[in-house]
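Excluded from the calculations below are hydrogen atoms, water molecules and symmetry mates; all remaining heavy atoms, backbone and side chain alike, are included. Note on naming: letters A, B, ... go to the chains in the order of the sequence lines (proteins, then strands), and numbering restarts at 1 for each one. The shown structure was predicted, so the numbers you read here are calculated from the model rather than taken from an experiment.
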Amino acid sequence: MSEKIVLIDGHSILNRAFYGVPDLTNSEGMHTNAVYGFLNIMFKILDTEKPEYLTVAFDVKKPTFRHEMFKEYKGTRKPMPEELRQQVPVIQDVLEAMGITIVKRQGFEADDILGTIAKMAEAEGKEVTLVSGDRDLLQLATKNIKISIPKTKKGGSEVEEYHTEDVIEKYGVTPVQIIDMKGLMGDTADNIPGVAGVGEKTAVKILKAFPSVEEAYEHIEEVEPKRARELLRAGKDMAFLSKKLATIKTDCELDYSIKDAKLENIFTSEAFEWIKKLELKSLVKKFDSEAMNKAVERPKNFKYLKKKIEVKRFADELIKDAPEVVGVSFFGDEWSNSGVTKKKNKKKSGGQMAFVFDDISAVSLEDESDSTNEYLFLGLSLSYEKNGEYETVSILKNDETDGDFLIETYKKIQKKIPHIALIDWKNELHLTAVAENLSEDREAPLQMAFDDSDLDRLFNKISDVSIAAYLINPLKDSYGADDIARDYLDMTIPSYSERFGKSRLSEIVSEIDDDYLRESADEEKNVVINNLLEYTGELSYVAVAGYKNLESTLEKTGMIKLYREVEMPTAYFLYQMERVGVKADIAVLEQLAKKLDRKIIELESDIYDLAGEEFNINSPKQLGVILFEKMKLPFAKKTKTGYSTSADILEKLKKEDPIISKILDYRQFTKLKSTYAEGLAVFIENDKRIHGKFNQMITATGRISSTEPNLQNIPIRMEMGREFRKVFKAKDGFVFLDADYSQIELRVLADMSEDEHLIQAYKNGDDIHRSTASKVFHTPFDEVTDLQRRNAKAVNFGIVYGISAFGLSQDLGTTRKEADEIIKKYFATYPAIKAFLDEKVEEAKETGYSYTKFGRRRPVPEIKSSNFMQRSFGERIAMNSPIQGTAADIIKIAMIKVARKLKEEKLKSRIVLQVHDELLVETSVDEIEKVKEILISNMQSAAELKVPLIAEVEQGDDWFEAH
DNA sequence: GACTTCACG
DNA sequence: ACGTACGTGAAGTCA
């Protein structure tokens with residue numbers, strides 16, 4: 001058996017993959033579909049061919065000789081779409097990471113390179129498989145050179161294969177004659193002109209009689225039919241030029257030798273990194289665990305301390321050495337007390353955060369006495385530089401080295417070390433609190449582990465690399481140790497799930513704990529122990545090794561101030577807010593649930609009666625069939641995977657049939673019951689409070705998000721739903737003060753756009769929507785109608801969202817044309833706003849980012865898309881993000897100012913919720929006036945805008961009353 | 001796990 | 001011609 005070589009036409013296959021695979025992007029907005037398709041095709045070919053050698057050829061985007069000759073023909077070609085162009089260097093990097101030989105040579109076309117190598121290989125007696133998406137290469141087919149053309153058909157891909165005889169069978173000419181064919185008939189795809197008037201039929205006829213174009217012209221008198229003869233005569237120059245253009249060269253001078261293209265293991269760890277970065281999850285399986293775990297470069301010098309005395313000695317020495325910075329990680333599990341499976345964050349994929357979020361349907365492991373503990377502390381790791389190298393020490397919590405002891409040790413170290421680097425400080429604060437057994441007193445969440453007597457000092461001392469990475473790119477979906485290592489240390493470390501699968505860290509620890517202490521572990525256990533300790537060590541190692549790079553990037557991008565003065569304090573006060581929680585009255589919740597239940601049951605039977613049968617009302621699919629097929633209601637308006645039954649569609653059908661309003665009510669009530677009545681109940685802990693999470697590293701714009709449960713979407717707009725705000729109560733001796741900003745986003749717009757009209761209106765304290773209506777519709781201020789005001793309000797919202805005529809028309813219930821008119825009038829009235837929005841779009845196009853007033857940035861990759869819809873989306877993002885993001889910055893600043901003031905004044909009042917433009921403060925009755933003043937003054941002075949920043953405060957015993 | 005729907009700012 | 005408002009999270013259905 002002779003050896004095999006596979007040659008791939010890089011651009012052609014990438015192109016085919018791009019158009020054959022639906023658009024895919026990773027979490028950063030990188031397009032990956034072409035890369036994904038390319039790799040799939042390549043893997044499939046390698047699987048079937050099992051070659052010894054592999055080479056991929058690419059064109060270089062510079063005019064080559066052959067390009068030069070017919071660039072006037074190729075000049076008409078459409079440029080490559082941006083989404084594809086981005087992927088060209090990526091696939092080359094991936095292939096390189098796989099150790100695959102890539103040939104791209106200035107001055108040569110990929111076709112010519114492939115032709116040359118194919119002939120070279122054939123001459124060496126090898127079997128050649130040439131993979132390309134188009135048929136240009138068929139001329140190279142011989143009995144040793146096979147042309148493979150992958151076809152992307154639904155339900156899997158097929159490959160068309162051509163040796164000499166296959167070409168003859170299909171085209172009626174030999175491979176070599178394909179060149180002559182093209183000389184005669186041309187090739188529209190390649191813009192080869194051919195002889196005018198000669199098509200496939202004639203060309204084949206001629207080439208049946210004469211083996212080549214040259215011979216046909218030599219015996220031109222014998223060419224039949226006569227018409228063809230005349231055409232040939234007229235187009236002689238074209239025929240020869242075309243043939244030349246169509247000829248693939250096989251004698252290029254390449255600095256290439258086949259033995260260098262020897263195919264080795266392509267599933268390298270470098271390639272695995274790429275696959276993870278691109279988030280091509282289905283390809284991950286192809287990499288064996290060896291490739292996954294074999295690091296390019298791995299942290300080393302791991303130590304594990306077990307005895308108290310060892311730890312003490314270590315701490316003393318560390319303090320004596322006094323490194324500038326130490327990486328620290330408190331590790332453990334987050335856990336739930338409710339016995340109910342908590343929902344995980346939807347947005348997680350490849351990497352995970354340092355701690356495991358897993359369900360706890362199983363009986364809790366230990367420590368049942370204190371079921372209010374949300375977190376389980378398991379140990380501590382420290383990492384620092386010594387003699388030019390990093391050393392890392394892990395200590396598991398055990399009977400000797402218990403929580404108190406470890407906290408004491410850490411406190412000692414922290415006091416003497418100027419700088420601490422860590423991953424996800426907020427999480428770590430929770431774990432230190434647990435380690436200290438602060439759980440008894442959650443309302444005084446001042447932890448011993450961190451000296452918070454001087455907050456400025458604290459915020460400057462701590463570096464949270466996760467937050468830094470979020471600021472640098474807020475589009476990622478996780479900022480765990482593995483992510484930081486990959487993105488900033490150029491290092492591969494396994495993610496949590498790669499190491500431990502779905503097990504919780506506490507399970508791993510309890511498995512090995514005793515043996516680890518006794519040093520009596522067998523081989524197998526040692527693997528587990530090492531795995532665990534490596535993992536825990538990496539948490540602090542990555543923090544200390546990565547923080548410099550991250551912080552210098554923050555400096556370069558102008559975000560260091562935002563990081564130090566906004567994000568780090570935010571992390572700290574969010575921790576405090578989570579720890580304090582908000583009181584929830586389960587009795588109110590149960591009452592509401594009962595009320596809803598009664599209504600739901602009633603509605604349900606009414607709906608069945610009206611429909612004439614029972615069905616699942618919650619199934620849009622079944623509902624659609626009932627409404628639009630069985631009941632034949634008109635306007636089965638929208639479809640995607642069926643009929644749309646969304647509220648705005650149903651709303652329009654209300655007068656058609658009484659069933660519609662019943663369904664709308666049913667929807668509303670079941671939503672309230674499942675999401676709020678039942679949903680909230682499971683989160684009420686033993687202290688009668690809900691300790692939701694406020695995530696700082698989720699949103700693209702800088703807002704905070706709320707989960708488990710989401711406390712930022714408690715109903716308010718509908719009467720019935722609004723009742724749920726009565727669940728949230730201030731504890732005894734306290735009331736709620738609820739402070740919210742008035743139209744913060746529009747005020748930010750006024751400030752950033754510097755529009756005089758808007759600024760003046762705000763300075764006057766005018767009703768802003770009325771003012772807009774008055775100006776846009778040329779109506780005296782006092783004569784503005786309700787409709788005009790409503791329309792103006794919708795436009796103001798639209799502006800903030802990144803206006804589009806269609807979106808506005810949807811909202812107003814008018815035509816696109818009318819909406820367009822209104823927008824035109826608006827921009828005529830407020831030219832500075834128009835200029836501002838245009839400028840933001842331009843800026844995003846030029847820099848790739850949107851920026852807030854405080855320097856926070858958001859990448860907008862969509863804005864360069866060749867797809868109209870995507871690009872428009874990018875433009876709206878570019879208009880909205882600076883506004884929404886700046887408002888988010890402002891409320892973060894306000895929150896920090898308020899929380900600091902409460903602390904400085906040693907008040908008992910605490911912020912318990914943040915809802916984007918609102919702060920809810922559980923206020924001690926004796927502090928009401930003071931806190932009111934603190935809220936208003938600090939919120940209003942959070943930013944210097946060109947318009948007044950207004951905050952309004954209300955008071956109540958529950959959230960219903962206070963808002 | 002994708003898709004719909006709907007709660008909030 | 002394209003088919004939408006910006007930013008989130010949770011629950012339910014269905015394959």
Side-chain angles (χ1 to χ4, degrees), chain A residues 281 342-347 349 474 615-624 638 640-650 663-664 667-680 682-683 692-695 698-718 720-722 724-725 740-741 743-745 794-795 797-812 816 819 823 850 858 860 862 865-885 887-888 891 913-918 963:
Chain A
K281 283 167 205 138
K342 279 190 184 176
K343 278 280 169 284
K344 293 173 207 175
N345 190 346
K346 200 172 79 182
K347 265 193 169 181
S349 56
F615 65 101
N616 188 344
I617 310 167
N618 282 322
S619 162
K621 201 178 156 194
Q622 292 182 38
L623 181 63
K638 289 197 294 182
K640 229 168 240 163
T641 54
Y643 305 98
S644 172
T645 65
S646 61
D648 53 327
I649 301 285
L650 295 188
I663 289 166
L664 284 168
R667 279 253 181 90
Q668 199 190 127
F669 294 148
T670 51
K671 172 96 179 181
L672 292 176
K673 181 159 189 260
S674 64
T675 304
Y676 299 102
E678 290 165 356
L680 289 175
V682 303
F683 288 102
K693 293 180 172 37
F694 289 88
N695 201 318
I698 292 281
T699 69
T701 53
R703 272 189 177 181
I704 282 159
S705 93
S706 163
T707 53
E708 300 173 61
N710 182 351
L711 295 170
Q712 291 178 325
N713 72 345
I714 304 301
I716 190 164
R717 294 171 190 169
M718 298 300 214
M720 181 71 215
R722 195 172 195 153
F724 277 91
R725 301 213 159 204
D740 72 324
Y741 277 119
Q743 296 166 333
I744 187 165
E745 292 189 340
V795 179
F797 267 95
I799 294 293
V800 169
Y801 289 161
I803 196 85
S804 85
F806 189 90
L808 182 62
S809 72
Q810 286 290 298
D811 197 58
L812 292 177
R816 228 202 73 240
I823 292 170
S850 278
R858 170 196 182 156
V860 194
E862 299 89 347
S865 174
S866 59
N867 176 299
F868 173 85
M869 210 187 77
Q870 289 241 342
R871 191 170 59 249
S872 306
F873 181 50
E875 288 164 1
R876 293 196 295 273
I877 290 172
M879 295 186 255
N880 170 267
S881 290
I883 303 172
Q884 188 185 124
I891 190 146
L913 294 180
Q914 188 263 35
V915 194
H916 309 309
D917 64 351
E918 170 188 2
H963 194 80

What is the separation between atom [atom1] on [X] and atom [atom2] on [N], rounded to the nearest whole Å?
{"X": "A:F873", "N": "C:dT4", "atom1": "CZ", "atom2": "P", "answer": "12 Å"}
{"X": "A:E708", "N": "C:dA10", "atom1": "CD", "atom2": "C1'", "answer": "11 Å"}
{"X": "A:E875", "N": "C:dC6", "atom1": "CD", "atom2": "P", "answer": "12 Å"}
{"X": "A:R722", "N": "B:dG9", "atom1": "CZ", "atom2": "C1'", "answer": "14 Å"}
{"X": "A:E862", "N": "C:dT4", "atom1": "CD", "atom2": "C1'", "answer": "14 Å"}
{"X": "A:F669", "N": "B:dC6", "atom1": "CZ", "atom2": "C1'", "answer": "14 Å"}
{"X": "A:Y676", "N": "B:dA7", "atom1": "OH", "atom2": "C1'", "answer": "3 Å"}
{"X": "A:Q668", "N": "B:dA7", "atom1": "CD", "atom2": "P", "answer": "6 Å"}

Candidate nucleotides [options], ranked by approach to the side chain of [X] - the nearest:
{"X": "A:M869", "options": "B:dG9, C:dG3, C:dA5", "result": "C:dG3"}
{"X": "A:A700", "options": "C:dC6, B:dA7, C:dT8", "result": "C:dT8"}
{"X": "A:T701", "options": "B:dT5, C:dA5, C:dG7", "result": "C:dG7"}
{"X": "A:P715", "options": "B:dC8, C:dA10, C:dC14", "result": "B:dC8"}
{"X": "A:S674", "options": "C:dA10, C:dA11, C:dC14", "result": "C:dA11"}
{"X": "A:S644", "options": "C:dT8, C:dC6, B:dT5", "result": "B:dT5"}
{"X": "A:D917", "options": "C:dA11, B:dG9, C:dC14", "result": "B:dG9"}
{"X": "A:H916", "options": "B:dT5, B:dG9, C:dC6", "result": "B:dG9"}
{"X": "A:T699", "options": "C:dT8, C:dT13, C:dA10", "result": "C:dT8"}

Inset, instruction - Using the closest heavy atom to pick a nucleotide of DNA chain C for each, name whichever of A:S872 or A:I877 lands nearer the 5' end. - result: A:S872

Legend entry - 5' priority, DNA chain C, between A:N867 and A:Q884 [closest heavy atom]: A:N867

Would you kindly check whether a donor in the side chain of [X] faces an acceptor in the base of [N], or vice versa, at under 3.5 angstrom?
{"X": "A:K621", "N": "C:dC14", "value": "no"}
{"X": "A:S804", "N": "C:dT4", "value": "yes"}
{"X": "A:R667", "N": "C:dG12", "value": "no"}

Sugar-phosphate, base or nothing in reach of [X], heavy atoms under 4.0 Å:
{"X": "A:A878", "result": "nothing"}
{"X": "A:E918", "result": "nothing"}
{"X": "A:S706", "result": "sugar-phosphate"}
{"X": "A:Q810", "result": "nothing"}
{"X": "A:V800", "result": "nothing"}
{"X": "A:R858", "result": "sugar-phosphate"}
{"X": "A:A887", "result": "nothing"}
{"X": "A:A647", "result": "sugar-phosphate"}
{"X": "A:I714", "result": "sugar-phosphate"}

Any [X] side-chain nitrogen or oxygen under 4.0 Å from OP1 or OP2 of [N]:
{"X": "A:Q743", "N": "B:dG9", "value": "no"}
{"X": "A:R717", "N": "B:dC6", "value": "no"}
{"X": "A:R816", "N": "C:dT4", "value": "no"}
{"X": "A:S705", "N": "C:dG9", "value": "yes"}
{"X": "A:T645", "N": "B:dT5", "value": "yes"}
{"X": "A:K673", "N": "C:dA11", "value": "no"}
{"X": "A:T675", "N": "C:dG9", "value": "no"}
{"X": "A:R876", "N": "C:dC6", "value": "yes"}
{"X": "A:N713", "N": "B:dG9", "value": "no"}

Rounded to the nearest 0.5 Å, what's the gap from [atom1] on [X] to [atom2] on [Y]? Could you check?
{"X": "A:I714", "Y": "A:R725", "atom1": "CD1", "atom2": "CZ", "answer": "7.0 Å"}
{"X": "A:L711", "Y": "A:Q914", "atom1": "CG", "atom2": "CD", "answer": "11.5 Å"}
{"X": "A:L650", "Y": "A:I663", "atom1": "CG", "atom2": "CD1", "answer": "6.5 Å"}
{"X": "A:Y801", "Y": "A:M879", "atom1": "OH", "atom2": "CE", "answer": "14.0 Å"}

Inset, instruction - Please say whether more than 12 non-hydrogen atoms of neighbouring residues, nucleotides or ligands are located less than 6.0 Å from CZ in A:F615. - result: yes

Inset, instruction - Go ahead and name the base partner of C:dG9; Watson-Crick or wobble counts if both distances stay under 3.5 Å, otherwise write none. - result: B:dC6

Legend entry - For C:dC2, the Watson-Crick or wobble partner whose two distances fall under 3.5 Å: none

Legend entry - Any side-chain donor near an acceptor of the partner, A:S646 and A:D648, under 3.5 Å: yes

Legend entry - Heavy-atom side-chain contact between A:Q712 and A:I704 under 4.5 Å: yes

Inset, instruction - State, yes or no, whether a side-chain contact exists between A:S881 and A:V860 at a heavy-atom distance under 4.5 Å. - result: no

Take atom [atom1] in [N] and the same atom in [M], then report the distance between them in whole Å.
{"N": "B:dC3", "M": "C:dG3", "atom1": "P", "result": "16 Å"}
{"N": "C:dC2", "M": "B:dA7", "atom1": "P", "result": "32 Å"}
{"N": "C:dA5", "M": "B:dG1", "atom1": "P", "result": "26 Å"}

Inset, instruction - Check whether any side-chain N or O of A:E862 sits under 3.5 Å from a backbone N or O of A:S872 as a donor-acceptor pair, and report yes or no. - result: no

